[in-house]
Amino acid sequence: MRPKYTNYPFEPIMEFTAQQIAQLVEGTIEGDATACVHTFAKIEEGVEGALSFLSDAKYEPYVYQTASTVLLVPTDFQPAQPLRSTLIRVRDPREALGRLLAMYQSMKPKRTGIDPLAYVAPTAKVGKDVYLAPFAAVGDNAEIGDGTELHPHATVGAGARVGKDCILYTGAVVYHDCLVGDRCILHAGSVVGADGFGFAPTPKGYEKIPQIGIAVLEDDVELGANACVDRATMGRTIVHRGAKIDNLVQVGHNVEVGANDILCAQVGIAGSTKVGEWCTLAGQVGIAGHITIADQTTLGAQSGLAGTVRKAGQTLIGSPAIDSKVWSRSAVLFKTLPEMATQLRELQKQVEELKSKLESLS
């Protein structure tokens, strides 16, 4: 049995009225404009004084049960029962909630200062209002931009540069000489610039190929926990601005990830592949090396892509990945293949019998 939480885990924030929230998200109010909220809650776990949202119709029953004081709902939502919550109608409740959560995050005080247990090399450059937690480390000739946070055991290697207002959570590592732009977030255990997987087979085994390039994250990139962006064999591996990379993703050496791409959990991209802009790679997508993927390509979960995608805006799925509509039609047949095979054998048997009869008559 799941525990019931009486106190929602968000910290209390400054109190806002429904009217103030509606102005922030450009919504319209239905109900008490003076209703006040001071925290956030999922709609199924709503409490008095909380703000919740509805973006998926399957959660509509909770609209009539929740104790949340204010609900963000789609503009066209029509309640089927009486409500006790004040509604704020917006075009996209999830996007509106995101804006409010960002505002909430910005209101939290930032920690600054260098803990005595942090290590900063004498030749390193550390900007203003930086936070270095215990056991954070900054190597020789490394640079840390203003307002950046390094949490315990986060490491920035020799000659590496991390821009302004970044967050490196516990155990995140930026290897030597690699570059991280402004406003990047590296979650726990993520690694930028580990060696690419380069080995040459010899009669005695595999000989390591030195990886002398770097890895680069442009501005506003986020890496999930234990995500890895390998350094290039030569040149650079690059993740362009605004890309969001989920947990346990592998970006191989010399790969180029396009601006505003989404790479979901357990995606793996082999070396020297170029992914276009605004692409979405769903969970467990595997991509071969040395290919190019056009802009705005979507690859469905567990797809395997072995060749170049030249036409922009396609949705592909399967392994090997094909057009999603073709795959859907094919998937309908997969379940009936055993019966179809039985029928085919029966038809072949009947054809052979007919041929034998015809031959006996001639």
Side-chain angles (χ1 to χ4, degrees), residues 56 187 189-192 194-201 206 209 211 215 217 221-233 237-240 242-345:
D56 190 324
H187 285 280
S190 58
V191 179
V192 176
D195 281 356
F197 197 65
F199 299 91
Y206 291 92
I209 300 171
Q211 307 290 292
L217 306 185
V221 168
E222 182 162 345
L223 295 186
N226 296 315
C228 297
V229 179
D230 288 351
R231 70 192 314 113
T233 305
T237 304
I238 184 164
V239 179
H240 287 290
K244 310 302 180 188
I245 296 179
D246 199 0
N247 302 337
L248 299 169
V249 168
Q250 160 68 17
V251 177
H253 59 88
N254 292 93
V255 165
E256 182 173 351
V257 175
N260 301 302
D261 284 351
I262 298 291
L263 278 58
C264 299
Q266 299 180 11
V267 164
I269 307 177
S272 299
T273 282
K274 181 177 180 180
V275 184
E277 298 183 351
W278 292 102
C279 292
T280 298
L281 311 183
Q284 296 185 333
V285 166
I287 297 177
H290 302 274
I291 65 174
T292 300
I293 301 173
D295 294 347
Q296 298 178 324
T297 296
T298 297
L299 289 169
Q302 296 189 326
S303 295
L305 186 66
T308 287
V309 178
R310 293 182 173 84
K311 182 181 176 182
Q314 294 188 84
T315 298
L316 308 175
I317 194 169
S319 186
I322 58 175
D323 180 86
S324 61
K325 294 179 181 177
V326 175
W327 184 89
S328 296
R329 292 198 299 270
S330 301
V332 173
L333 301 176
F334 294 160
K335 296 181 292 185
T336 60
L337 285 177
E339 291 81 2
M340 291 171 66
T342 300
Q343 292 172 356
L344 180 60
R345 287 192 293 268

Any pair counted as side-chain hydrogen bond (donor to acceptor under 3.5 Å, both in side chains), so long as it reaches residues 276-287, sequence neighbours left out: Gln266-Gln284, Gln284-Gln302

Looking only at heavy atoms, which two atoms of Lys335 and Pro338 are closest? And how far apart? O-CD, 3.8 Å

Main-chain N/O of Ala321 paired with Ser303 side-chain donor or acceptor, under 3.5 Å: no

Just by distance, do the side chain of Asp230 and the backbone of Thr237 share a donor-acceptor pair under 3.5 Å? no

Restricting to non-hydrogen atoms, name the atom on Gly224 and the atom on Ser190 that form the minimum distance, rounded to 0.1 Å. O-CB, 3.6 Å

Are more than 12 heavy atoms from other residues, nucleotides or ligands located less than 6.0 Å from atom OH of Tyr206? no

Does any part of the side chain of Asp195, heavy atoms only, come nearer than 4.5 Å to the side chain of Arg231, both counted from C-beta? yes

Residues in ring-ring contact (aromatic ring centres under 6.0 Å, His included) with His240, at least two apart? none

Output, in order, the C-alpha distance, side-chain angles, deciding distance and verdict of side-chain contact (heavy atoms from CB on, under 4.5 Å) for Val267 and Leu299. CA-CA 10 Å; Val267 164; Leu299 289 169; over 6 Å; no

Member of Leu217, Val191, Asp246 meeting the side chain to side chain contact (heavy atoms under 4.5 Å, CB included) criterion with Leu223: Leu217

Which residue, Thr297, Ile293, Val285, forms the side chain to side chain contact (heavy atoms under 4.5 Å, CB included) with Leu305? Ile293

Between the NZ atom in Lys244 and the CG atom in Leu263, the distance rounded to the nearest 0.5 Å is 12.5 Å

CG (Asp295) and CG (Asp261) are apart, to the nearest 0.5 Å, by 8.5 Å

Which atom of Ala270 lies closest to which atom of Ala288, heavy atoms considered: CB-C, 3.7 Å

Is any side-chain heavy atom of Val257 closer than 4.5 Å to one of Val221? no

Identify the two heavy atoms, one from Val309 and one from Gln314, that lie closest to each other, and give their separation to 0.1 Å. CG1-NE2, 3.6 Å

Please name the pair of heavy atoms, one in Cys264 and one in Ala282, separated by the smallest distance, quoted to 0.1 Å. CB-C, 3.7 Å

To the nearest 0.5 Å, what is the distance between CD1 on Ile322 and OG1 on Thr315? 13.0 Å

How many angstroms lie between CG in Leu248 and CG in Asn226, if you round to the nearest 0.5 Å? 5.5 Å

Output for pair (Phe197 CZ, Ile209 CD1), nearest 0.5 Å, gives 11.0 Å

Can you measure from CG (Leu316) to CG (Asp323) and round to the nearest 0.5 angstrom? 6.5 Å

